[in-house]
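The next block holds one structure in the form of C-alpha cells; read it before the comments.
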Amino acid sequence: MAKTAEQPTGAAGRLVGVFGDSLPVQDIYSPEGSRMYHALTQGDRSEIREILRVARGGAGPVLDLACGAGRLTLPLRALRHDIVALDSSAEMLRLLQQSLGDTPAAGPRVELVEADMTAFSLGRHFGLVVLGATSVTLLDRRDRGRLFARVADHLSGDGRFLLTTLEPTGTSGQVTESVQLVIGENGEHPALHLLTEHLDTGRNVRSISVLRQTVTQGAVVKNELFTSRTHVVTVDELRGELATAGLRLLGRYPVAGDAAHDYRVSLLECAL
Ligand SMILES: C[S@@+](CC[C@H](N)C(=O)[O-])C[C@H]1O[C@@H](n2cnc3c(N)ncnc32)[C@H](O)[C@@H]1O
C-alpha cells in the first residue's frame with residue numbers, strides 16, 4: 001500500500017537538482033522510509049503527556065489510528081484498556097510487533113491491523129480513538145471526510161476521539177523553511193539526517209523531507225531522500241468537517257513543542 005514519493009519542494013527539491021538521478025526519492029512511509037522514521041522518532045515523547053492527560057479515566061478499548069511503529073501505542077497501554085493499532089504500512093506494523101515482543105506480555109492486549117484509516121471496518125466500538133502526530137494532515141479534504149465517518153462509526157456513545165493537528169502561525173500566503181541536522185544511525189552505520197520542512201501557506205501545503213547520508217569509515221557511502229507532503233487545514237475547517245460526520249469538538253489543548261517552528265500543534269477532543 002506504499003505511496004509513490006511526492007516531488008520535494010524548497011531545499012529538498014534543490015537537493016534533487018544537485019544529486020540528480022543518483023539520489024533515490026522514496027515516500028517517508030515506504031518500507032525503507034518506515035525504518036528511517038522509526039529510528040529517528042522512537043525517542044520522541046511529544047504529544048504523549050497531553051493525550052494521556054485527556055484520555056485518563058475514560059472508557060476503552062482504544063483504537064490508535066496511523067499508529068506507525070507504536071510511538072503512541074506503547075505509552076497508551078498505561079490506560080489499561082485493550083488496543084487495536086491500525087496502520088497502512090506493513091513495515092511499521094512489523095516494527096511495532098518487534099517492540100511488543102521486547103516488552104513483558106502482561107498488560108493490555110495489542111492487536112495490529114493493516115488497513116487504510118479512510119476505509120476500515122472493524123465491527124466493534126471503541127471508548128477512545130486516537131490519531132496523533134498531526135497525521136490528519138496526511139489527508140486531503142475528501143479523505144478527511146471518509147476518515148471522520150469511519151471514526152464516528154467506531155466510536156461508542158460516551159467515547160472520545162483525540163486528534164492532533166497543526167496550524168501555521170505566520171501570515172497567510174507566507175512561505176517558510178527550516179532545516180535541521182540529526183545524527184543517528186542506518187542499521188549498523190552512523191547516518192546524517194538533514195530534515196527540511198517547507199511550509200507554503202498560500203498553497204496550503206507542508207513538505208517534509210529527510211536527506212539520509214550513511215557514513216562508513218569516515219565517508220558518505222549512500223544518499224537517500226525521503227519525502228512526505230501534507231495538507232494545511234485550520235481547526236475551524238476541521239470543526240466543520242467533524243460536524244458533517246456527526247462529531248462535536250469539545251476541547252482544544254496546546255501541545256508542547258519546538259518554539260522555533262512556524263506552526264502550533266493542538267490536541268482536539270471530540271465526541272459524538
Ligand atoms: C506521522 S506517522 C505517525 C506514526 C505514529 N502515530 C507516531 O506518533 O509516531 C504517520 C503514519 O500514518 C500512516 N499512514 C499514512 N497514510 C495512512 C492511511 N491512509 N491509513 C493508515 N495509515 C496511514 C503511515 O504509515 C505512518 O505510520
Side-chain angles (χ1 to χ4, degrees), residues 1-8 11-12 15-16 19 21-48 64-77 83-103 110-117 130-139 164 179-198 206-230:
M1 263 196 234
K3 270 184 22 181
T4 45
E6 299 276 3
Q7 207 43 42
L15 282 173
V16 172
F19 285 96
D21 289 344
S22 70
L23 184 66
V25 182
Q26 300 170 69
D27 188 81
I28 282 189
Y29 309 118
S30 62
E32 189 59 35
S34 295
R35 289 187 283 276
M36 186 277 307
Y37 178 90
H38 178 50
L40 267 190
T41 63
Q42 59 185 330
D44 177 0
R45 304 277 306 160
S46 52
E47 301 186 355
I48 294 171
D64 183 16
L65 292 173
C67 62
R71 194 185 67 82
L72 299 175
T73 319
L74 300 176
L76 281 169
R77 293 180 303 177
I83 302 176
V84 173
L86 180 150
D87 200 281
S88 57
S89 159
E91 183 58 14
M92 286 287 197
L93 294 172
R94 190 190 65 77
L95 291 164
L96 172 51
Q97 187 61 62
Q98 206 170 45
S99 302
L100 289 168
D102 293 342
T103 56
V110 181
E111 181 188 335
L112 309 189
V113 174
E114 184 182 339
D116 185 336
M117 63 176 150
V130 175
L131 178 61
T134 70
S135 297
V136 71
T137 64
L138 291 169
L139 305 176
T164 56
V179 180
Q180 192 193 352
L181 174 67
V182 176
I183 301 175
E185 277 116 41
N186 177 11
E188 305 287 288
H189 301 285
L192 313 181
H193 300 80
L194 198 64
L195 277 55
T196 70
E197 275 191 42
H198 187 254
R206 174 171 163 256
S207 295
I208 305 152
S209 302
V210 182
L211 173 71
R212 180 170 68 179
Q213 302 193 293
T214 305
V215 176
T216 306
Q217 294 178 339
V220 172
V221 293
K222 196 174 186 186
N223 290 301
E224 297 152 287
L225 190 70
F226 300 94
T227 66
S228 176
R229 193 175 297 184
T230 64

Any heavy-atom pair between the side chains of Glu224 and Gln26 that's under 4.5 Å? yes

Side-chain donor or acceptor of Thr164 paired with backbone N/O of Thr134 under 3.5 Å: yes

Output for pair (Leu95 CG, Leu100 CG), nearest 0.5 Å, gives 11.0 Å

| field | Side-chain heavy atoms of Val25 within contact of Thr227, under 4.5 Å | value | yes

* Backbone N/O of Arg206 and side chain of Thr230: donor-acceptor pair under 3.5 Å -> yes

The ring pair (Phe, Tyr, Trp, His ring centres under 6.0 Å) partners of Phe226 (sequence neighbours excluded) come to none

Are any side-chain N or O atoms of Arg71 and backbone N or O atoms of Asp44, one a donor and one an acceptor, separated by less than 3.5 Å? yes

- Task: Carefully, step by step, assess Leu72 and Glu47 under the rule side chain to side chain contact (heavy atoms under 4.5 Å, CB included).
- Result: CA-CA 8 Å; Leu72 299 175; Glu47 301 186 355; 4.1 Å; yes

Distance col, row Asp87:CG vs Ser34:OG, nearest 0.5 angstrom, shows 7.5 Å

Taken to the nearest 0.5 Å, the spacing of His38 NE2 from Ser89 OG works out to 11.5 Å

So CG of Leu74 and CD of Gln42: to nearest 0.5 Å the spacing works out to 10.0 Å

Heavy-atom closest pair (Ser22 atom, Pro24 atom, distance to 0.1 Å) is O-CD, 3.3 Å

- Message: Atom CD of residue position Glu111 - does it have more than 12 heavy atoms of other residues, nucleotides or ligands inside 6.0 Å?
- Response: yes

>> Do the side chains of Glu32 and Arg212 get close enough for a salt bridge, i.e. N-O under 4.0 angstrom?
In response: yes

message: Are Val110 and Thr73 packed together at the side-chain level, in the sense that at least one heavy-atom pair is separated by less than 4.5 angstrom?
response: yes

For this session: Would you check if Ile208 and Leu195 make a side-chain contact, meaning some heavy-atom pair closer than 4.5 Å?
Result: no

When you compare the side chain of Leu138 with that of Tyr29, does any pair of heavy atoms fall below 4.5 Å? yes

* Counting distance only, does the side-chain N/O of His189 pair as donor-acceptor with the main-chain N or O of Thr216 below 3.5 Å? -> no

Heavy atoms of Ala12 and Leu225 approach each other most closely as O-CD2, 4.0 Å

When every non-hydrogen atom of Gly70 is compared with those of Pro75, the smallest separation belongs to O-CD, 4.0 Å

From the list Leu96, Asp64, Ile83, side-chain contact (heavy atoms from CB on, under 4.5 Å) partner of Leu112 resolves to Leu96

Inspect the surroundings of CD1 in Ile183 and state if more than 12 heavy atoms from other residues, nucleotides or ligands are less than 6.0 Å away. no

Scanning both residues in full, the closest heavy-atom pair of His193 with Gly184 reads ND1-N, 3.8 Å

Smallest heavy-atom separation, Pro8 atom then Val16 atom, equals CG-CG2, 3.7 Å

Taken to the nearest 0.5 Å, the spacing of Asn186 CG from Leu192 CG works out to 11.0 Å

- prompt: Yes or no on side chain to side chain contact (heavy atoms under 4.5 Å, CB included) for Arg35 and Glu91, after CA distance, side-chain angles and deciding distance?
  reply: CA-CA 7 Å; Arg35 289 187 283 276; Glu91 183 58 14; 2.9 Å; yes

Met117 and Ser135 have their tightest heavy-atom pair at CE-O, 4.0 Å

OG of Ser228 to OH of Tyr37, rounded to nearest 0.5 Å, is 9.5 Å

